Amino acid sequence: TYYISAGLLGRDGHMGPYAQWSDVERLHRHGHEIGCHTYDHTDLGKADGAVALAAVADNKAAFDAHGLPAPPTFAYPYGDVAFGPKAVLASRFTLLRAMHYGLIERGADLNHAPSVGLEGPGGEATARLWLLKAAERKAWLILNAHDIQDQPSPWGCTPQALTRIVQEALAMGFEILTVAEGAQRVAVQSGGTIPDRGLFGVFLPDGGRVGELDEEMVYESRVGECFVLGASTWRIEEITVDRVVVTPAPGEPAKTPFW
């Protein structure tokens, strides 16, 4: 799987020249998954939901213009994400890949999926260690590298290192898949969460259900704000990955939900 920021193609960066559109099109023709980044590699750890949606829409538009299919999975630039972007992107991709180390096991949050870097001087040894952990726990593992070249950046690896890790993984009995194929297997076989978060449940602190809010409304809301739902006004006390916790706020100035 190759995660592409369309706005960077054809340019030079701190890791060397970036790929060209002809490279991406060739990868697609050879059966590789072309995954989604933000168009200009926007850091979603420092953005809100609206910025995330716009950055992804720009990237998808560029994919469309070059005859590429809609990308099924997404990788967070720099591996970081704030609540708003995660909430709005969760229903748009089958997996959102981060960069914290870990395995994908039963109940994993596929909207913040871990991956292990095959990068830097110790990257090959690190990848080998995590392969052993994954084999022992019968878990899924995503490996990542930012560039693969004879003289890689500190975030990349050599073709020889990648080849050795792939060969070792195959010898250990691993099946090597695209991220999209792996996400589908996890969803079917091991109960990973790929929720469609079009709606957030609204609950009282004691667990009583008040109603629902649209995800677009939620990512534009903040703790302490008030809104009208039904015939009552509610103050937001907490926002989690799938619900909004509220308390009554009669008489307070409030906004009206939109859908």
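Keep in mind that this is a model prediction, so the values were computed, not measured.
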Between OG1 on residue T126 and CG on residue L131, distance to nearest 0.5 Å: 11.0 Å
Quick one, V202 and F227 - any side-chain contact, counting heavy atoms below 4.5 Å? yes
Does any non-hydrogen side-chain atom of H66 lie less than 4.5 Å from one of H28? no
Going by atom type alone, with no hydrogens or angles, which donor-acceptor pairs under 3.5 Å involve a side-chain atom of residues 34-44 and a protein atom two or more places apart or on another chain?
| from | atom 1 | to | atom 2 | distance (Å) |
| --- | --- | --- | --- | --- |
| H37 | ND1 | A75 | O | 2.6 |
| T38 | OG1 | H41 | N | 3.3 |
| T38 | OG1 | T42 | N | 2.7 |
| T38 | OG1 | T42 | O | 3.2 |
| H41 | ND1 | Y78 | OH | 3.4 |
| D43 | OD1 | G45 | N | 2.9 |

Just verifying a value: how many Å separate L103 CG and W140 CH2, rounded to the nearest 0.5 Å? 12.5 Å
What is the distance from atom CD of E119 to atom CG of L143, rounded to the nearest 0.5 Å? 10.5 Å
Which value, rounded to the nearest 0.5 Å, describes the distance between T233 atom OG1 and K255 atom NZ? 13.0 Å
Test item: V179 and E33 side chains (from C-beta on) under 4.5 Å apart, heavy atoms: yes
M217, V246: one ILVMFWY side-chain cluster at the under-4.5 Å cut-off? yes
Between T247 and E237, is any side-chain donor less than 3.5 angstrom from a side-chain acceptor? yes
Here the pair of heavy atoms bringing P85 nearest to A82 is CD-O, 3.4 Å
Would you call F83 and V218 a side-chain contact if the rule is heavy atoms closer than 4.5 Å? yes
Would a distance-only check, ignoring hydrogens and angles, find a side-chain to backbone donor-acceptor pair under 3.5 Å from D58 to A55? no
Of all heavy-atom pairs between A139 and F174, which one has the smallest distance, and what is that distance? O-CE2, 4.4 Å
So does K46 have more than 12 non-hydrogen atoms from other groups sitting under 6.0 Å from NZ? no
Are V166 and L177 linked, directly or through intermediate hydrophobic residues, by side-chain heavy-atom contacts shorter than 4.5 Å (ILVMFWY only)? no
Check V88 against A52 and note the closest heavy-atom contact, atom names and distance. CG2-CB, 4.4 Å
Would you call D150 and P159 a side-chain contact if the rule is heavy atoms closer than 4.5 Å? yes
Least distance between heavy atoms, S115 atom then Y101 atom: O-CD1, 3.4 Å
Does one hydrophobic cluster hold both F203 and V244, with members joined at side-chain heavy-atom distances below 4.5 Å? no
Decide whether I239 and V245 are clustered together by the hydrophobic rule: side chain heavy atoms of Ile, Leu, Val, Met, Phe, Trp, Tyr closer than 4.5 Å, transitively. no
Once rounded to the nearest 0.5 Å, what's the spacing between atom OH of Y76 and atom NZ of K86? 6.0 Å
With heavy-atom distances below 4.5 Å as the criterion, would you say the side chains of T94 and L110 are in contact? no
Which atom names give the shortest non-hydrogen contact between S221 and E225, and what distance separates them? CA-OE1, 3.3 Å
From CG (L68) to CH2 (W21), nearest 0.5 Å: 5.5 Å
Quick one, N59 and Y3 - any side-chain contact, counting heavy atoms below 4.5 Å? no
Taking C-beta and beyond as the side chain, do W234 and P248 meet within less than 4.5 Å on heavy atoms? yes
Test side-chain contact (heavy atoms from CB on, under 4.5 Å) applied to V24 and F63, step by step: CA-CA 10 Å; V24 178; F63 282 24; 5.9 Å; no
Determine, stepwise, if the pair Y2 / D23 fulfils side-chain contact (heavy atoms from CB on, under 4.5 Å). CA-CA 11 Å; Y2 292 81; D23 299 317; over 6 Å; no
All salt bridge (charged side-chain N to carboxylate O under 4.0 Å, His left out) counterparts of R209, not counting sequence neighbours: E212
Closest non-hydrogen atom pair between A98 and G79, with its separation: CB-O, 3.8 Å
Among all residues two or more places apart in sequence or in another chain, which pass the salt bridge (charged side-chain N to carboxylate O under 4.0 Å, His left out) test with E124? R128, R164
Less than 6.0 angstrom from the centroid, inside 45 degrees of the normal: does K60 satisfy that with respect to the ring of F74? no
Common cluster, V116/I176, ILVMFWY with side-chain heavy-atom separation under 4.5 Å: yes
